[in-house]
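Right, one structure below, let's go through it.
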Amino acid sequence: MTLTLQFVPYSEIEHVSSIGRIKKLLALAKQHKIVLLEGRLRKEEEIELIKTTMEEINKEFRGIELAVIYPGNTVTHDLLQKLKVNMISVLLGDRVGVTIIGPASVVRKVKRDPDKIQLFTHHTLPSAGRRLATLANRLQGKRR
Amino acid sequence: MNPNSTETPKNRIIKEQNIYKVSRNSRNWGRKRSKDTTVLTYLYLPLCGGGSMITKLTKMFSNFFKDLFHSKKHVKLGLYGPPNGGKTTLANRICKDWLGEEMGKVSHIEHETREIQVKEQINIKSGKKELSFSLVDTPGIATKIDYEDFVKKGLKAAEAKKRAKEATKGVIDAIRWLDDMDCVIVVLDATKDPYSQVNITIIGNLAARSIPVLIAANKMDLRKADKDKVAAAFPQYPVACISAKKGTNMEEFYESLFKVAA
């Protein structure tokens with residue numbers, strides 16, 4: 001089995017409407033691809049994504065696994081770090097962070113700590129897992 | 001006077017008189033108000049956009065007097081969270097404590113609650129204060145629903161498919177009801193990882209809608225429960241550590257609820 005990781009740069013969704021963004025991301029997930037979106041959706045879009053996913057569940061499509069990682073949701077007590085994170089958020093907005101959307105047929109579980117995401121697939125795919133981790137780390141590093 | 005203006009001299013005089021009378025009235029605020037200045041206040045306020053200020057002041061005074069006399073407040077209280085966190089168990093506990101009856105059926109199989117359930121008029125008391133609310137128990141919010149998971153838990157295929165279909169509708173309804181809530185208790189299973197995206201998305205959306213949130217770290221009677229992890233995941237929200245099943249720490253839970261909802 002081949003595992004496809006589809007990278008979606010933020011520029012591809014930047015000028016698309018909320019519904020358009022959700023449809024685009026779900027269409028990729030329905031093709032059994034793991035979507036790596038640069039940046040994140042707005043909070044209302046995240047819940048809308050869940051709602052639309054539920055509306056589209058059928059025999060083939062069982063839903064998604066979703067994870068968003070960005071510096072703003074890491075718990076820090078360091079004031080300087082907080083200031084830095086706020087500055088980045090003001091300057092870059094929703095471009096900061098990475099969103100991973102995996103079809104439930106491929107991704108069994110997503111485990112996330114504030115700083116890392118672990119994807120557990122239905123099949124053992126060590127090389128794909130490594131590729132995904134490297135790509136996610138690279139994207140996070142680029143933003144920092 | 002601007003020759004292009006549609007303002008007639010008569011209108012201009014009325015406007016000027018209104019401004020004058022209102023400003024005079026504002027100096028004498030709290031003293032005797034004549035009937036005509038009240039009318040003129042209403043005439044003047046839309047001109048300077050002061051309507052919203054009056055509304056805010058009215059609300060402020062109304063809240064002040066409500067607090068002063070500990071009057072009852074009616075809120076729509078929602079129970080949200082991932083499936084099997086113990087929402088219905090908590091709803092049953094609240095209903096048992098204050099109404100003496102249960103609200104819904106619970107099960108170890110996920111998505112037992114697949115329809116919104118509302119219990120009207122629950123009154124809880126703490127000292128001199130009283131809180132009246134409608135309790136809304138919602139289906140657990142999930143990003144995936146697979147009927148095979150229900151088959152693995154012992155359901156027959158047809159029953160599992162029906163349950164899965166109803167569960168998807170339940171999630172959609174729960175999301176739709178989010179806007180109607182005045183206050184929400186997010187019920188989390190304290191034995192599980194609190195950093196799940198569903199939890200973060202629910203809480204993030206409540207924050208975006210400025211809905212007050214109380215986090216109930218449930219199942220504290222279980223050995224694996226970790227209240228510190230839940231509190232560390234959402235440091236900006238109050239966390240009540242409870243066991244809805246055993247009724248542990250419910251006093252503290254109601255006190256926290258008062259602080260958040262009242």
Side-chain angles (χ1 to χ4, degrees), chain A residues 22 25-26 29-30 37 40-70 72-77 82 94 97-120 122, chain B residues 80 82-83 110-111 114 138-151 157 160-161 163-179 192-211 228-237:
Chain A
I22 290 160
L25 297 171
L26 266 185
K30 282 168 112 177
L37 170 70
R40 59 185 201 268
L41 297 170
R42 284 188 283 268
K43 287 287 163 204
E44 315 85 72
E45 288 171 345
E46 268 179 32
I47 202 110
E48 199 57 39
L49 175 68
I50 296 175
K51 203 173 117 193
T52 313
T53 303
M54 288 298 121
E55 283 165 355
E56 301 204 1
I57 280 183
N58 55 34
K59 270 184 194 172
E60 282 81 42
F61 181 63
R62 308 278 165 90
I64 55 165
E65 279 290 352
L66 174 70
V68 185
I69 189 164
Y70 66 99
N73 65 1
T74 55
V75 180
T76 174
H77 299 292
K82 272 184 187 173
D94 293 335
V98 184
T99 303
I100 299 174
I101 301 162
S105 57
V106 179
V107 181
R108 183 167 49 89
K109 188 182 162 192
V110 177
K111 199 177 167 193
R112 51 166 295 166
D113 285 321
D115 296 324
K116 68 176 179 198
I117 295 177
Q118 285 176 294
L119 259 81
F120 297 87
H122 287 288
Chain B
Y80 276 81
E110 290 184 350
H111 299 284
R114 300 184 291 282
T138 65
I141 293 181
T143 56
K144 61 174 183 183
I145 293 168
D146 190 347
Y147 83 92
E148 282 175 5
D149 290 340
F150 301 136
V151 174
K161 280 179 188 171
R163 192 184 183 96
K165 203 175 176 185
E166 287 171 357
T168 58
K169 280 182 187 165
V171 176
I172 295 166
D173 285 343
I175 293 171
R176 279 188 187 142
W177 273 65
L178 208 58
D179 283 318
K192 287 188 179 165
D193 178 21
Y195 292 105
S196 86
Q197 193 58 44
V198 164
N199 297 347
I200 293 164
T201 302
I202 296 169
I203 292 172
N205 269 273
L206 292 166
R209 288 164 168 83
S210 304
I211 299 170
D228 296 333
K229 208 173 177 184
V230 177
F234 305 104
Q236 61 274 56
Y237 297 101

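The chains referred to below are lettered A, B, ... by the order of the sequence lines, with proteins before strands, and numbering in each begins at 1. Remember, predicted model here, so these are calculated numbers, not experimental data.
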- side-chain contact (heavy atoms from CB on, under 4.5 Å) test vs A:I50 passes for just one of B:I172, B:N205, B:I202, B:I175, namely B:I175
- Message: I need the minimum non-hydrogen distance between A:E44 and B:A208, along with the two atoms involved.
- Response: OE2-CB, 4.5 Å
- Message: Please classify the contact between B:Q236 and chain A as side chain, backbone, both or neither, with a heavy-atom cut-off of under 4.5 Å.
- Response: neither
- Query: Atom CZ in A:R108, atom NZ in B:K144: separation rounded to 0.5 Å?
  - Reply: 8.5 Å
- When you measure from the side chain of A:K43 to the backbone N and O of B:L206, does any donor-acceptor pair fall under 3.5 Å? no
- Query: Would you call B:Y147 and A:R62 a side-chain contact if the rule is heavy atoms closer than 4.5 Å?
  - Reply: yes
- CE/A:M54 to NZ/B:K165 distance, rounded to the nearest 0.5 angstrom? 15.0 Å
- Got A:V110 and B:Q197 here, is their nearest side-chain heavy-atom distance under 4.5 Å? no
- Pairs of heavy atoms under 4.5 Å with chain B: top-ranked of A:K51, A:E65, A:R42: A:K51
- Query: Does A:I64 offer a backbone N or O that forms a donor-acceptor pair with the side chain of B:T143 under 3.5 Å?
  - Reply: yes
- At what distance, to the nearest 0.5 angstrom, does CG of A:L49 lie from OG1 of B:T201? 8.5 Å
- Contacting region of A:E55 [heavy-atom separation from chain B under 4.5 Å]: both
